[in-house]
Amino acid sequence: METMRLFIAVDLSESMKAALIEAQNEMYDGGVRGSYTREENLHLTLAFIGEMPDAEPALEALSGVSFTPFELSLEGLGCFGDLWWAGMRASPALEALARRVRRALADSGVPFDRKRFSPHVTLLRKARGPMPGIRIGEASMTVDAFSLLRSDRGKGGMIYTELGRFPAAPAREN
Ligand code: 2AM
């Protein structure tokens, strides 16, 4: 049976992507080689589902997730082995969104990777070279939607296709 690889992520603003690209450029200029994430692929994963025959159950589950827009800011760089990432400033609203997404999947019987949520944007895989002492630029954005994405291996790297977009409810006026 044909399956597709699914995950749920927040798309990043142009200004946040610009700060991340600048950090990648500094890494490259510092002599670091590896597989750099292309600009259009930079994202923040909330949950990883993996191979599924059908996206419908996930789309259905996610349509029930509600949240209000919130701010997200870049903070720091780190690595998991040779995978280098940019982090996000601690955000209870982001944690809450990831929790809601994961609970909605679990309640609908959609399997997903239960690893603890560790908010990061992958900048580079298979990194070779010492991490240069760079500081990532200030960048913030408002999260007003998240997406269900499909991941396919293309000739020039991964291709991510949005299968569904789930906007925030408008912030309540006081
Ligand atoms: P990564 O960038 O740290 O590898 C698509 O693969 C997205 O899902 C990536 O952001 C990836 O994170 C994330 N992801 C989370 N858990 C994963 C897993 N078990 N296998 C593959 N990707 C995973």
Side-chain angles (χ1 to χ4, degrees), residues 2-14 16-25 27-28 32-55 57-59 61-62 65 67 72-91 93-106 108-129 131 134 136 139 141 143 145-166:
E2 213 182 311
T3 60
M4 50 192 150
R5 196 177 176 84
L6 302 178
F7 67 103
I8 295 144
V10 170
D11 191 15
L12 304 177
S13 69
E14 291 307 314
M16 195 171 276
K17 286 187 183 183
L20 295 168
I21 294 288
E22 196 174 312
Q24 287 179 321
N25 288 339
M27 288 172 179
Y28 191 86
V32 179
R33 295 295 178 264
S35 173
Y36 282 87
T37 307
R38 289 197 313 274
E39 182 166 4
E40 67 269 27
N41 281 357
L42 291 167
H43 65 272
L44 173 64
T45 295
L46 298 174
F48 180 78
I49 296 175
E51 297 296 330
M52 291 287 283
D54 179 10
L59 288 167
L62 296 171
V65 174
F67 71 105
L72 202 56
S73 303
L74 282 181
E75 189 171 83
L77 294 167
C79 64
F80 303 140
D82 63 2
L83 182 157
W84 294 13
W85 46 260
M88 295 288 166
R89 188 162 303 152
S91 162
L94 176 64
E95 298 282 339
L97 176 58
R99 222 172 21 246
R100 284 180 194 178
V101 160
R102 290 165 178 233
R103 189 173 311 131
L105 296 174
S108 302
V110 177
F112 60 94
D113 187 338
R114 305 264 175 167
K115 259 200 318 278
R116 200 173 69 81
F117 177 52
S118 163
H120 67 279
V121 180
T122 298
L123 296 177
L124 170 64
R125 296 174 198 277
K126 302 194 183 101
R128 297 187 304 279
M131 189 178 273
I134 64 173
I136 196 145
M141 62 175 276
V143 177
F146 65 90
S147 306
L148 178 69
L149 297 160
R150 164 185 184 145
S151 159
D152 294 286
R153 192 169 292 281
K155 277 205 185 95
M158 302 312 289
I159 298 168
Y160 298 146
T161 310
E162 187 175 78
L163 301 181
R165 188 171 175 83
F166 303 89

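Numbering of ligands and ligand atoms starts at 1, following listing order. Reckoned from all heavy atoms, side chains included, excluding hydrogens, waters and symmetry mates. Just so it is clear, the structure is predicted and the values come from calculations on it, not from any experiment.
- Expressed to the nearest 0.5 Å, how far NZ of K17 lies from CZ of R38 amounts to 11.0 Å.
- Residues passing the side-chain contact (heavy atoms from CB on, under 4.5 Å) test with A96, sequence neighbours excluded: R99.
- At a 4.0 Å heavy-atom cut-off, the residues surrounding ligand 1 are R5, F7, H43, T45, F48, L83, D113, K115, H120, T122, R125, listed by chain and number.
- Looking at residues two or more places apart in sequence or on another chain, you find no side chain to side chain donor-acceptor pair (under 3.5 Å) involving N41.
- To the nearest 0.5 angstrom, L77 atom CG is 4.5 Å from M27 atom CE.
- Not a single side chain to side chain donor-acceptor pair (under 3.5 Å) links T122 to another residue, sequence neighbours left out.
- Taken from CG in L105 to CD1 in I49, the straight-line distance is 5.0 Å, to the nearest 0.5 Å.
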